[in-house]
There are 2 protein chains.
Amino acid sequence: MSIKVTMKDIAREAGVSIATVSHVINGTKHISENKRKLITNVIEKYNYVPDTRAKSLRNAVTKTAGLVVSVFPDSYVTGIVNGIGKRARELDYHLLFINTNEDYDYEKESIKLLSSNIVDGIILTPSEMNLGYIQKYMKKGLPIIQAIRYDPNIPRLPRVTADDFQAGYDATKHLLQHGHRKIGVIISRTNITPTIERIEGYKAALTEYNIPFDEGLIESGFATEKNALIATKKLLNREKEITALFVLSDLMTIGAMQAITELSLKCPDDIALIGFGDFAGAAITNPPITNVSLSAETIGRTAFDVLLNKINNPGYDKHIQIPTSLMIRKSCGC
Amino acid sequence: MSIKVTMKDIAREAGVSIATVSHVINGTKHISENKRKLITNVIEKYNYVPDTRAKSLRNAVTKTAGLVVSVFPDSYVTGIVNGIGKRARELDYHLLFINTNEDYDYEKESIKLLSSNIVDGIILTPSEMNLGYIQKYMKKGLPIIQAIRYDPNIPRLPRVTADDFQAGYDATKHLLQHGHRKIGVIISRTNITPTIERIEGYKAALTEYNIPFDEGLIESGFATEKNALIATKKLLNREKEITALFVLSDLMTIGAMQAITELSLKCPDDIALIGFGDFAGAAITNPPITNVSLSAETIGRTAFDVLLNKINNPGYDKHIQIPTSLMIRKSCGC
DNA sequence: TAGGAATTGTTAAACGTTTTACCAAAAATA
DNA sequence: TATTTTTGGTAAAACGTTTAACAATTCCTA
């Protein structure tokens, strides 16, 4: 395809050996000022760049990390990917980014590709709690960590997540303190750890107030605003005594708010609302939305550091939880 | 790092030559049923995956495309990246994604990395209209195309963009039809083609109404909500006769809306507003925001196809413009 | 002036594939 | 039976680097 200039060509034109060129490029040996200048000039002239494949084939390091993300791209994930990218750059790594779009088979394919020695390690947001297939890669010694979500059944696989239990607990408690007793919950996917743990937090708060957990107050839809709109309408039509809503995902918060409006209800007077994640504009909706704030960039940066730990120390297997905070605005009735 | 299993290991264990293993894997030659089974079993057993570097080093194809994006991650860019990713997957390509975060030097570094034979081609969103450095890579025959923005001074470099001129024209005309005559403009960066062309469209619409273009009605800030808030306040405080605002970028629309609120003005009564791009939630702000809708996914998919054209036909150099549409809601006063 | 250190550079093997050319054995043909 | 064809398989070169081991100069030092 491209017209290729190799180290051999540079060496020939400069009248030196291939090894000398390599040493000049990498500074691995002292080369006289004369030759060095001569060689760098030729390199400049041809705008020569060493072949990364050959390089990493030879020295077994790629300086590239794989990033496989499974999530519908809401601003939370964007923020995390950004944090990972920034940290990677700081440490002179490159990222091979793949978005699996919640497709389990594509996820498996992607891990297979990345396992073919083109990356030093992988950060994975699993699409399912079904990571059995990953064990064979772990056995091969491929450094992998989980971010955002994880499969609790796989031991020794590090995790970086938000403190989802605490987040669910805090938000629910806030609504309880406002006097709400029937709190509806809108979730995206049921079978992923953030959802599960946030609901655990929700239950824990209810328990403190001696309120029994009611399965019927939970309604789900997949990720999008539209699905949240549908789910919220369904829930509010079914459970008339609900006075507050807790929405577990960014984009869905918007859909829930739309549903409230379309049902001619007022937020927070008829229905209070707490959302999750910091989507741009939470502050200028009508009313401004109170939400659980997740430090996306911090999660991303931490994930990258954890991957590096895993690479350098194969035994590393911690679960790091990043704290969340409640951004109080108007939709909760404060 | 990883415990490596190579083709040699597979061959040894199966008692065949390395070449036979390769032929079984790639189906490049007919191998007897016996040996084939034998070999695939060993491959299964070790979960062997061929080394992509060695493979592509040998056959000069990577099946990987580079994607270098320069833009602050608003939902528009997310959508485009997603479109590119989907199309790439359909065509069995992988993406090496790099976000330069508007950093010109990092952009140059990234192109250099990607030019080292690790990708078949590159989709670039330039951070500046200063792409002179790209010519040496073009000369080497590296397939490159521009998306979202472009440098008009570089010939023969394909482009995929929104129809920014038309978009600027349409939105402005809509405001003019509502009777507005002093229309303020909030922009992000002045020196990128989308801004320039949208303003050209704005001017063209004004000309139709015999309104002279007034430089003083334009105010800029960089990308974020906060900057838009500051810029909008500054503009509205300076130019008291403004009755409508045209905001040229996603996140900034939100900041502009906040500014209007903070100045105790009513939208659309005191100040009408038209934004750009489809950020999640445009429909539930107060009031819902009228905006120019850009088909992000289409732009992304098209960009990937254009890159493939460029790869297969080095002479390809079209500029493809994807149409936009005006989503009319309440903020324009309709 | 001999001998050891620096200094500067090169040779060649290795990394893990693909593929051309070649070969042996079995099958088909005359 | 002798010859050709087909089938199934392999040896080895090549892709573009890095680096250990070695070699040739020049420079000191006693």
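Values in this document were obtained by computation on a predicted structure and should not be read as measured data.
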Residues which pass side-chain contact (heavy atoms from CB on, under 4.5 Å) with Glu44(A), listed by chain and number, not counting sequence neighbours: none
Touch class at under 4.0 angstrom, heavy-atom based, for Lys8(A) against every strand present: nothing
Sugar-phosphate, base or nothing in reach of Leu57(A), heavy atoms under 4.0 Å: base
Five-pair end axes of the helix from dT1(C)-dA30(D) to dA30(C)-dT1(D) and the angle they enclose, rounded to 10°: 50°
Residue met sooner reading DNA chain C from 5', once Asn34(A) and Asn26(B) are mapped to nucleotides: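 In this pair, the answer is Asn34(A).
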Earlier contact from the 5' end, DNA chain C, for Ser32(A) and Lys29(B): Ser32(A)
Exam field: side chain Ser295(B) to backbone Thr298(B), donor-acceptor pair closer than 3.5 Å: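 Between the backbone of Thr298(B) and the side chain of Ser295(B) there is no qualifying donor-acceptor contact (under 3.5 Å).
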Asn313(B) side chain to Gly315(B) backbone, donor-acceptor under 3.5 Å: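 Yes.
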Qualifying ring pair (Phe, Tyr, Trp, His ring centres under 6.0 Å) pairs with a residue from residues 5-55 of chain B, counting only residues at least two apart or across chains: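 Every pair satisfying ring pair (Phe, Tyr, Trp, His ring centres under 6.0 Å) with a residue in residues 5-55 of chain B: there are none.
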Integer-rounded Å distance: [N] [atom2] and [X] [atom1]:
{"X": "Ile39(A)", "N": "dT17(D)", "atom1": "CD1", "atom2": "P", "result": "14 Å"}
{"X": "Leu38(B)", "N": "dG8(D)", "atom1": "CG", "atom2": "C1'", "result": "14 Å"}
{"X": "His30(A)", "N": "dT25(D)", "atom1": "NE2", "atom2": "C1'", "result": "16 Å"}
{"X": "Asn59(B)", "N": "dA13(D)", "atom1": "CG", "atom2": "C1'", "result": "15 Å"}

Taking only Lys NZ, Arg NE, NH1 and NH2, and the carboxylate oxygens of Asp or Glu, determine whether [X] and [Y] approach each other closer than 4.0 Å.
{"X": "Lys112(A)", "Y": "Glu109(A)", "answer": "no"}
{"X": "Asp103(B)", "Y": "Arg89(A)", "answer": "yes"}
{"X": "Arg149(A)", "Y": "Glu107(A)", "answer": "no"}
{"X": "Glu90(B)", "Y": "Lys86(B)", "answer": "no"}
{"X": "Glu128(A)", "Y": "Arg189(A)", "answer": "yes"}

Ring pair (Phe, Tyr, Trp, His ring centres under 6.0 Å) partners of Tyr93(A), counting only residues at least two apart: Phe304(A)
Sub-4.0 Å heavy-atom contacts from residues 11-24 of chain B onto DNA chain C, ordered by number: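 Contacts with DNA chain C under 4.0 Å: Ile18(B), Ala19(B), Ser22(B), His23(B).
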Base dT18(D) paired with Arg58(A) side chain (donor-acceptor, <3.5 Å):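 Such a pair is found, so the answer is yes.
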Side chains of Asn153(A) and Asp151(A), donor plus acceptor under 3.5 Å: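 Result is yes, a qualifying pair exists.
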Contact interval (first through last nucleotide) of DNA chain C with protein chain B, 4.0 Å heavy-atom: dG16(C) to dA21(C)
